[in-house]
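For reference, the structure is listed below as structure tokens.
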Protein chains: 2
Amino acid sequence: MLNDPMVLTPIAAAAVPVEPEKRIRDRGATEKAILNAAKSLLAEEGFQNFGINAVARRAGCDKQLIYRYYGGLNGLVEAIGADLGTWVKDRIPEDTGGMFLLTYGDLMERLSLLFLEALRDDPLVLRIVAWEVSENTEQVRRLSEARSKALANWLERMRGSLTPPKGVDAVAVNAILFAAIQHIVLSASAAEQCAGLALKTSKDWEKAATALKRIVRGVYG
Amino acid sequence: MLNDPMVLTPIAAAAVPVEPEKRIRDRGATEKAILNAAKSLLAEEGFQNFGINAVARRAGCDKQLIYRYYGGLNGLVEAIGADLGTWVKDRIPEDTGGMFLLTYGDLMERLSLLFLEALRDDPLVLRIVAWEVSENTEQVRRLSEARSKALANWLERMRGSLTPPKGVDAVAVNAILFAAIQHIVLSASAAEQCAGLALKTSKDWEKAATALKRIVRGVYG
DNA sequence: GTTGCTACTCACCGGGGAGTGACAAAACGG
DNA sequence: CCGTTTTGTCACTCCCCGGTGAGTAGCAAC
């Protein structure tokens with residue numbers, strides 16, 4: 001009643017006979033295309049418009065394939081999360097550039113700034129952070145866990161034999177420090193400012209970095 | 001074809017003749033009901049499921065009234081934002097309890113903790129903060145502005161004649177401090193932890209507060 | 001060939017969202 | 001009393017979502 005394919009299809013097919021743009025049959029490539037589509041979609045649009053349909057559209061394939069290859073959105077998100085385990089390591093130089101890190105304060109100052117930089121130019125992870133504080137589903141919880149575990153691990157490995165000053169709860173302080181960094185970058189990406197502090201130009205960011213250093217030095221000396 | 005009201009309606013009407021539960025006609029009350037519904041919905045469910053239909057459902061009225069009285073969701077959000085201007089003032093004691101705040105450090109320590117507390121038990125504002133870092137629409141931007149303006153104002157008023165230590169960019173440092181607080185509370189509400197720091201029991205929170213104090217004292221002395 | 005597997009597409013379903021126009025009924029003004 | 005305005009309700013359209021079942025196109029072995 002509404003649509004009669006037997007009438008419509010031949011006409012359409014005749015009107016647009018070419019423009020095949022045939023997707024070559026390659027499961028591996030398609031899977032990658034889907035994963036990349038998902039990542040870039042998440043990075044560019046955020047979790048708000050993140051859905052099966054949108055990913056399929058961007059990947060240029062049918063959503064059915066997402067169900068088949070990843071078992072739906074959940075599986076796809078999990079696949080994204082898998083990369084997260086190595087994010088910090090990949091993003092941040094393992095050796096801190098031959099610097100002499102004599103004290104725990106030296107270390108944390110350096111790591112804070114590195115983390116800030118890394119977050120600043122990884123929109124995907126940034127969106128995930130935003131997601132983590134906005135939703136509390138199994139999906140997101142897994143992402144969150146993967147990320148925080150990797151982070152803790154990384155911190156531990158970088159620490160080496162350095163120890164924080166006596167009487168300072170380093171876990172708590174570091175959590176606050178990293179929370180601050182995440183929120184600053186989040187705010188900046190959403191509104192180009194945070195609590196009255198402009199975060200647009202590189203000059204703005206220098207100010208933020210200086211303040212951050214000061215804070216770190218304040219606690220850790 | 002699908003539904004024939006002429007057949008169905010009389011039957012239904014006859015079957016359920018009573019149960020009037022008549023909404024009394026009172027525009028003011030209805031407006032308030034809508035606004036409260038919107039606020040509580042936002043506070044409890046977050047911005048994700050925040051929409052005309054949901055608000056109307058919760059308010060127990062027709063969504064048409066939201067369009068009529070508030071001009072749609074935008075207007076409604078703006079009405080919510082209007083309260084935000086006075087949030088800090090309402091939530092936090094004007095006089096800091098007869099305390100002796102001798103230094104800028106004293107002040108900021110106190111304000112930080114107060115802010116933390118205030119955020120912790122105001123789910124609505126917390127959700128708005130999450131919204132601010134997740135979306136960048138005109139709607140949210142207005143909320144954000146109202147809030148940050150009020151915050152800056154409040155800080156300024158509380159500061160009085162106290163001045164930060166020389167050489168410290170108080171604006172930047174405070175932005176980072178408040179960012180940290182916001183993110184900690186956000187994280188806690190979403191995952192009961194932040195960067196490996198548990199944030200569930202009051203003991204956990206004491207640890208966080210102690211660390212925060214240390215940080216503040218570190219920069220401001 | 002034709003049989004069978006794999007990669008892929010299509011058309012459709014139910015559901016819920018935003019938004020709108022027409023209507024019912026109470027309240028008000030004369 | 002009657003007409004108008006205000007207040008509230010209903011029914012409907014359009015759109016997009018997630019999900020699924022049925023079908024198509026390439027490809028390889030027999």
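First the proteins, then the strands, lettered A, B, ... as listed; each starts at 1.
- Picking from dT6(D), dA18(C), dT20(D) the nucleotide with the shortest atom distance to the side chain of Tyr67(A) gives dT20(D).
- Between Arg141(B) and Glu145(B), none of the side-chain N atoms (NZ, or NE/NH1/NH2) sits under 4.0 Å from a carboxylate O, so this pair counts as no salt bridge.
- Arg27(B) contributes no side-chain N or O that forms a donor-acceptor pair with the base of dT6(D) under 3.5 Å.
- dC23(C) atom P lies 18 Å from atom CG of Leu65(B), rounded to whole Å.
- Using a distance-only test at 3.5 Å, with no hydrogens or angles considered, a donor-acceptor pair links the side chain of Ser134(B) to the main chain of Ala130(B).
- Between Thr30(A) and dA7(C) there is no side-chain polar atom (N or O) within less than 4.0 angstrom of OP1 or OP2.
- Relative orientation of the Phe47(B) and Trp131(B) rings is parallel, given thresholds of 30° and 60° on the angle between their planes.
- Nucleotide dT9(D) holds its P atom 12 Å from the CD1 atom of Ile24(B), rounded to whole Å.
- Among the nucleotides dT9(D), dG8(D), dT20(D), the one closest to the side chain of Gln64(A) is dT20(D).
- Remark: Gly51(B), Ile52(B), Asn53(B), Arg57(B) in residues 50-58 of chain B come within less than 4.0 Å of DNA chain C through at least one heavy atom.
- Contact check on Asp169(B) versus Arg214(A) returns no salt bridge, with no Lys/Arg side-chain nitrogen under 4.0 Å from an Asp/Glu carboxylate oxygen.
- In terms of polar N and O atoms assigned as donor or acceptor, the side chain of Arg68(A) never comes within less than 3.5 Å of the base of dA7(C) in a complementary pairing.
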